[in-house]
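Every chain is numbered from 1, with letters handed out A, B, ... down the list of sequences.
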Amino acid sequence: MLPHKKIESTLQAAVRAVLADADVSAILVRPCDPKFGDYQSNALMSLAKTRKLNPRQLATDVLTKLDVSAVCEKVEIAGAGFLNFRLKNTALTQTLEAAARGEHLFFDKAAQPKTVVIDFSSPNVAKPMHVGHIRSTGIGDALQRTLRLLGHRVISDNHIGDWGTQFGKLLLGWKQILNRADLERDAIAELERLYKVINAECDANPLRLEEAKSELVKLQAGDAENVAIWKEMIALSQKQFDTIYGRLGVKFDFALGESFYNPWLGEVVADLLTRGIARESEGAVGVFSDGTLPPKEDPFLVNRDGEWVADPALVRKSDGGFNYTTTDLATIDYRLKTWSPDEIIYVVDDRQSGHFKKFFLIFGRWKPDAAKTTKLVHVGFGKIMGDDGKPFKTRSGDTVKLGELLDEAEERAYKIVSEKSAELPEAQRKEIARVIGLGAVKYADLLPNRQSDYIFSWDKMLALQGNTAPYLVYAYARIKSIFRKQNSEFRIQNSELKLAAPEELTLAKHLLNFGLTLEAVAEELRPNYLCNYLFELAGKFTSFYENCPVLKAEDEATKNSRLALCDLTARVLKQGLETLGIETVEQM
RNA sequence: GCGCCCGUAGCUCAGUUGGAUAGAGCACCUGCCUUCUAAGCAGGUUGUCGCGCGUUCGAUUCGCGCCGGGCGCACCA
């Protein structure tokens, strides 16, 4: 068991011994400022507060029941009632030696694995994936990797936009203005052109719009020709998706598009009507406020000039078509029946938070039993901005295509690699540039708190100094370099650690917090915690690297101990980056 | 108008149940390569945490009210 968990469970038992009825699940032990110790708990203060006890007295009482001498020095009470823990050197080295033997990598599998459906990326058919998709795709992938690493059962599902009114226009364009040669050269660009041309025509001419609508109606009715064209458009799009996901290294367990749920949409609406959850209004069918929430908190109400008026979620349009709330409901029904998840995570732009608020409430009304056992979470994120503070666009004002963005990342990285490591063969420089370029884009996207907007900057993400992917991969490559240089056979499994230098101790202690960080990422669904942990790890490693010679250590025992420390650091760096969806290189 | 999100160093951003003297990178200054990758390291400078009030032993964090920015408000998703 990792030392901090040992401390935590022992502390919880001690608290229970003092206050038998206390809820000890909130009694946590966290890393702290080294001047106070290695770990700290401030939980006794809030516990004392709710019970109107003297916090320092409570701490003293708990301390008499607390024996953590196996892993800690004497526990200290500090300030208003903090408990400060300092690890024993033996506990530290034993934990590292166990890791060296391959018994763990500073994290534990979840005691109670959850089944989690994670819905992310969701590109649209017939449209190019653009820079915005990096957010849902990167965050979603990092989360699925984290949850899997911690032993949860994860079902990733790409809810592709393969259905909707845009297909009327696309079908019309396909039939009337399709350029076959262009389609073969660049299918997505041609499909995009079709849509733009017809869309403009429809805006200008109601008759064109009617034509497009009738194509849509035919598709919906199962017209053989239209269905065949629609399927071809999906197939062409899928090629694009496969290429992009292949480059990004993102995998899905399922890619059940919106159209998959078509057969059940009518039933969903009928069921909502039968149960009195939805009702007809102005020819459409919608879910309205049930009056159980105060108006301010009720997403089904909106204030217009001082009056609260209905703002329903429509589930059927007046023309009989369905809305995306309907699809989302059919989708959740399918997911419940198929996987019985404990949790469903939607990694979707924050601008849709209103939709999710309504959708989650409808779910609660529609499936009250399931709502008790399945938690729905909207993992929202902000926009990517250009350096002018406006949404990130190309110079000509178009959206930035994801494929082109990744190309540019690799090109820019290649220039830098060629400059810094001109001696490496071209093929290797290309491979380094691929890893660094893609890693830089992904890392820059995962680093900020996901809910805030961030400014896209090539220079910052590709910089070798600062909190960037190149810096982290560089730290990894330097460790690997040591192992290439050393002559004798080094066997990590038999390593005995002896930690003396402050840099060694600081690095070693930081390794111990890998699992804590992974758990925080899984708990709050925030990959940036892991980014910051790895940045600190790389920093502590380079500090160690500068101050503690490894291959030229004063004696063999120190050398082997340091080699082991290097190896463990490399493993955590590699595992951590991999969990963020970022590859590493052995040399750069 | 109403709701949601945001406001932290000159710039870009972190800040994990409310916790100890609020952190990092960039920029700026000073050192360190005949020694494991200097794409690096060590040190220095930088703050009314938008403003005010409240809750608390303790508030960047919670509540209320302002100010400033972004986004969303029935047949698109």
OP1 or OP2 of [N] sitting under 4.0 Å from any side-chain N/O of [X]?
{"X": "A:Arg562", "N": "B:rC36", "value": "no"}
{"X": "A:Lys559", "N": "B:rC36", "value": "no"}
{"X": "A:Thr542", "N": "B:rC41", "value": "yes"}
{"X": "A:Lys317", "N": "B:rA74", "value": "no"}
{"X": "A:Gln451", "N": "B:rC6", "value": "yes"}
{"X": "A:Arg304", "N": "B:rA74", "value": "yes"}

Quick one about [Y] and [X] (side-chain donor to acceptor, distance below 3.5 Å, no hydrogens or angles considered), yes or no?
{"X": "A:Tyr261", "Y": "A:Asp328", "answer": "no"}
{"X": "A:Thr506", "Y": "A:Lys540", "answer": "no"}
{"X": "A:Asn528", "Y": "A:Arg450", "answer": "no"}
{"X": "A:Asp23", "Y": "A:Ser25", "answer": "yes"}

Taking the six-membered ring for Trp, are A:His130 and A:Phe392 ring centroids under 6.0 Å apart? no

Aromatic contact between A:Phe356 and A:Tyr346, with the criterion being ring centroids under 6.0 Å apart: yes or no? yes

Where is the tightest heavy-atom contact between A:Val435 and A:Thr584, given as atom of each residue plus distance? CG1-N, 4.0 Å

Using atom [atom1] of [X] as one end and atom [atom2] of [N] as the other, report the distance to the nearest whole Å.
{"X": "A:Phe356", "N": "B:rG3", "atom1": "CZ", "atom2": "C1'", "value": "18 Å"}
{"X": "A:Arg279", "N": "B:rA74", "atom1": "CZ", "atom2": "C1'", "value": "12 Å"}
{"X": "A:Leu314", "N": "B:rC75", "atom1": "CG", "atom2": "P", "value": "7 Å"}
{"X": "A:Leu44", "N": "B:rG58", "atom1": "CG", "atom2": "C1'", "value": "16 Å"}
{"X": "A:Tyr471", "N": "B:rG40", "atom1": "OH", "atom2": "P", "value": "8 Å"}
{"X": "A:Phe541", "N": "B:rU37", "atom1": "CZ", "atom2": "C1'", "value": "11 Å"}
{"X": "A:Lys296", "N": "B:rG65", "atom1": "NZ", "atom2": "C1'", "value": "11 Å"}
{"X": "A:Asp203", "N": "B:rC76", "atom1": "CG", "atom2": "C1'", "value": "13 Å"}

Mind checking if [X] touches a base, just sugar-phosphate, or nothing, with heavy atoms under 4.0 Å?
{"X": "A:Lys485", "answer": "sugar-phosphate"}
{"X": "A:Gln587", "answer": "base"}
{"X": "A:Ala310", "answer": "nothing"}
{"X": "A:Ser457", "answer": "nothing"}
{"X": "A:Ser421", "answer": "base"}

Could you provide the dot-bracket string of RNA chain B, using ( ) for intrastrand pairs, [ ] for crossing pairs and | for bases paired to another strand, with Watson-Crick or G-U pairs below 3.5 Å? (((((((..((((.....[...)))).(((((.......))))).....(((((..]....))))))))))))....

Take atom [atom1] in [N] and the same atom in [M], then report the distance between them in whole Å.
{"N": "B:rG7", "M": "B:rC51", "atom1": "C1'", "answer": "11 Å"}
{"N": "B:rG65", "M": "B:rC5", "atom1": "P", "answer": "14 Å"}
{"N": "B:rC4", "M": "B:rG44", "atom1": "C1'", "answer": "43 Å"}
{"N": "B:rC26", "M": "B:rU16", "atom1": "P", "answer": "23 Å"}
{"N": "B:rU55", "M": "B:rG68", "atom1": "P", "answer": "28 Å"}
{"N": "B:rC64", "M": "B:rA27", "atom1": "P", "answer": "42 Å"}
{"N": "B:rG31", "M": "B:rG70", "atom1": "P", "answer": "46 Å"}
{"N": "B:rG63", "M": "B:rA9", "atom1": "C1'", "answer": "28 Å"}

Heavy-atom nearest nucleotide on RNA chain B taken for A:Leu301 and for A:Trp163; more 5' hit belongs to A:Leu301

Pick the closest RNA chain B nucleotide for A:Tyr474 and for A:Ser318 by heavy atoms, then say which residue is nearer the 5' end. A:Tyr474

Applying salt bridge (Lys or Arg N to Asp or Glu O under 4.0 Å) between A:Lys358 and each of A:Asp298, A:Asp311, A:Asp290, report the one that passes. A:Asp311

With no angle test and no hydrogens, is the base of [N] tied to the side chain of [X] by a donor-acceptor pair under 3.5 Å?
{"X": "A:Thr165", "N": "B:rA77", "answer": "no"}
{"X": "A:Ser122", "N": "B:rA77", "answer": "no"}
{"X": "A:Tyr324", "N": "B:rA77", "answer": "yes"}
{"X": "A:Glu282", "N": "B:rA74", "answer": "yes"}

Of the options [options], whose atoms approach the side-chain atoms of [X] most closely?
{"X": "A:Met588", "options": "B:rA39, B:rG1, B:rA38", "value": "B:rA39"}
{"X": "A:Val302", "options": "B:rG40, B:rC2, B:rA74", "value": "B:rC2"}
{"X": "A:Tyr545", "options": "B:rG72, B:rC36, B:rA39", "value": "B:rC36"}
{"X": "A:Ser543", "options": "B:rC41, B:rA74, B:rA39", "value": "B:rC41"}

State the CZ-CZ distance between A:Arg562 and A:Phe544, to the nearest 0.5 angstrom. 6.0 Å

Show your working on ring pair (Phe, Tyr, Trp, His ring centres under 6.0 Å) between A:Phe359 and A:His378 and close with a plain yes or no. CA-CA 10 Å; A:Phe359 167 50; A:His378 172 211; over 10 Å; no

Per-nucleotide protein contact string for nucleotides 12-24 of chain B (B base, S sugar-phosphate only, - none; heavy atom under 4.0 Å): SSSSBBBBB---S

Any sub-3.5 Å donor-acceptor pair from A:Glu504's side-chain atoms to A:Ala501's backbone N or O? yes

Would a 4.5 Å heavy-atom cut-off, applied to side chains only, mark A:Leu83 and A:Tyr39 as touching? no

Between A:Leu170 and A:Trp230, is any pair of side-chain heavy atoms under 4.5 Å apart? no

Enter syn or anti for the glycosidic conformation of B:rC33, syn applying to angles within 90° of 0. syn

